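Below is one structure, written out as structure tokens, with a few remarks after it.
These numbers come from the heavy atoms of this one structure, side chains and all, not from hydrogens, waters or symmetry mates. Here, residue 1 is the first one in the sequence, and each next residue gets the next number. The shown structure was predicted, so the numbers you read here are calculated from the model rather than taken from an experiment.
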Amino acid sequence: KKALPRLLNAAQIPLREVESLLHYKELIPRLEEALGKFSSRDSVEVIQPVRSTVPLQKHNGFLGLMPTYMENDGVLSTKLVCFYNRGAGSTLPSVSATVLLLDPESGHMKAVMDGEAITSMRTAGASEISAKLLMRPGAEVLAILGTGQQALSHYNAFTEMLSFKEVRVWNHRREGAEKFCRSVSGPVTVCGSVEEAVRGADVIVTVTRSTEPVLCGRWVKPGAHVAAVGACRPDWRELDDSLMKEAVVYADSREGAMAESGDVILSGVEVFAELGDVINGIKPAYREKTTVFKSLGMGVEDAVAANLVYEQWKAKAYKL
């Protein structure tokens, strides 16, 4: 009887409001700081277990639970996320998420918010950080493989925070790529094949639904940086063995990559460093070499993004 009012009193922040409150210029510095804290392995900075999953076999998907506690920052959250391997032409989302923000002292719910924008923007933000740290100076050509929500968020993050002279896009359905071009604010070149899109590209973002490799190492120029975002299961892949074995591989979480990334597990490569290790100055950023950042997504990224949304929501509410 006492729990119900506490839940009803929690802020309920829908998708449109989350989108209006979350911006890359404020989000990305917080993500960079959080990645460094995670890799420090200090329990008063971040406690975050590897994501636990429940298979949804009938629907070809999984439910993931992503709790995080940041004691020094006073942030306690968890994300419930369903992700699916959708067939071509499906109109259903490949990811659906809800983020819960709690008071760590009382355990009471502070906010319930739609997790779609948080998931897409914190993922793109982490990829942007990887590019900033690992791509060669003077990078000019960005290639994006895939045209879903993550492709759009990555386009926005990379073009807002970095500078490219050319952006290329590929999708297995050309109409999807053409629709993507109409939805973004800047010029984009639609490519007819993956090879055409990535030949000579300085930075490559893979955000596909593929469960088999779509990006071959022989097409990637030496010194390019790849942000690999799709293929978030141990038997799913986007990158072939040639690319994985030639590249220096970084990850958001080493444990996460070894448990969930088919690109890492099936190729047999080792994760050289976490992105937070580079941020903390523990491991070098090999800009002159071909690099892969394998992104699985982490609860700490959701936590800092949700906390930023909540802070902005409170500030806005107090002004009214």
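- Salt bridge annotation for Lys37-Asp73: present, with a cationic side-chain nitrogen under 4.0 angstrom from a carboxylate oxygen.
- A salt bridge is absent between Glu196 and Arg168: the closest approach of a Lys/Arg side-chain nitrogen to an acidic carboxylate oxygen does not fall below 4.0 angstrom.
- Checked by atom type and distance alone, the side chain of Glu32 never pairs as donor or acceptor with a backbone atom of Ile279 at under 3.5 Å.
- Counting only N and O atoms by type, the side chains of Glu246 and Thr290 include no donor and acceptor under 3.5 Å apart.
- Formation of a donor-acceptor pair under 3.5 Å by the Arg51 side chain with backbone atoms of Leu65 is not found in this model.
- When atom types are taken as modelled, the side chain of His23 and the backbone of Ser20 share a donor-acceptor pair closer than 3.5 angstrom.
- None of Ile129, Val304, Val46 except one satisfies the side-chain contact (heavy atoms from CB on, under 4.5 Å) rule with Leu35; the exception is Ile129.
- No cation-pi contact links Arg182 to Phe180, judged by a cut-off of 6.0 Å to the six-membered ring centre and 45° from its axis.
- Rounding to the nearest 0.5 Å gives a distance of 9.5 Å between CG of Asp263 and CG of Leu296.
- Side-chain contact check for Val81 versus Leu63: every heavy-atom pair is 4.5 Å or farther apart.
- Using a 3.5 Å distance cut-off with no hydrogens or angles, the side chains of Ser40 and Glu45 do not pair a donor with an acceptor.
- To the nearest 0.5 Å, atoms CZ (Arg209) and CG (Asn171) are separated by 8.5 Å.
- Here Lys221 pairs with Asp202 in a salt bridge; the nearest charged N to carboxylate O distance falls below 4.0 Å.
- Using a 3.5 Å distance cut-off with no hydrogens or angles, the side chains of Ser153 and Gln150 do pair a donor with an acceptor.
- Side-chain contact between Met244 and Arg237: present, with at least one pair of heavy atoms (C-beta onward) separated by less than 4.5 Å.
- Formation of a donor-acceptor pair under 3.5 Å by the Ser261 side chain with backbone atoms of Val264 is found in this model.
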Applying side chain to side chain donor-acceptor pair (under 3.5 Å) to Ser39 and Glu274, what does each step give before you reach the verdict?
CA-CA 7 Å; Ser39 293; Glu274 292 178 344; 2.6 Å; yes
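- One finds no salt bridge joining Glu301 and Arg30 here, because no Lys/Arg side-chain nitrogen approaches an Asp/Glu carboxylate oxygen to under 4.0 Å.
- The backbone N or O of Thr123 lies less than 3.5 Å from a partner atom in the side chain of Ser127, making a donor-acceptor pair.
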Worked check of ring pair (Phe, Tyr, Trp, His ring centres under 6.0 Å) between Tyr286 and Phe272:
CA-CA 10 Å; Tyr286 284 117; Phe272 170 72; 5.4 Å; yes
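- With Asn280 contributing its side chain and Ile282 its backbone, the two residues share no donor-acceptor pair below 3.5 Å.
- Residues Phe83 and Cys232 meet the side-chain proximity criterion, which asks for heavy atoms closer than 4.5 Å.
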Between Thr119 and Lys79, is a side chain to side chain donor-acceptor pair (under 3.5 Å) present by the stated rule, with each step listed?
CA-CA 9 Å; Thr119 300; Lys79 184 169 77 174; 2.9 Å; yes
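- Put simply, Val214 and Leu266 are part of two different groups of oily side chains (I, L, V, M, F, W, Y) that touch within less than 4.5 Å, one to the next.
- Distance OG1/Thr206 to NE2/His154: 8.5 Å, rounded to 0.5 Å.
- Tyr24 is not listed as a side-chain neighbour of Glu128, based on a closest heavy-atom distance of 4.5 Å or more.
- Glu260 and Arg254 are not joined by a salt bridge, as no carboxylate oxygen comes within less than 4.0 angstrom of a charged side-chain nitrogen.
- A donor-acceptor pair under 3.5 Å links the side-chain atoms of Asn60 to the main chain of Asn85, judged by distance alone.
- Using a 4.0 Å cut-off between a side-chain N of Lys or Arg and a carboxylate O of Asp or Glu, Arg174 and Glu178 qualify as a salt bridge.
- The shortest side-chain heavy-atom distance between Lys110 and Leu76 does not fall under the 4.5 Å cut-off.
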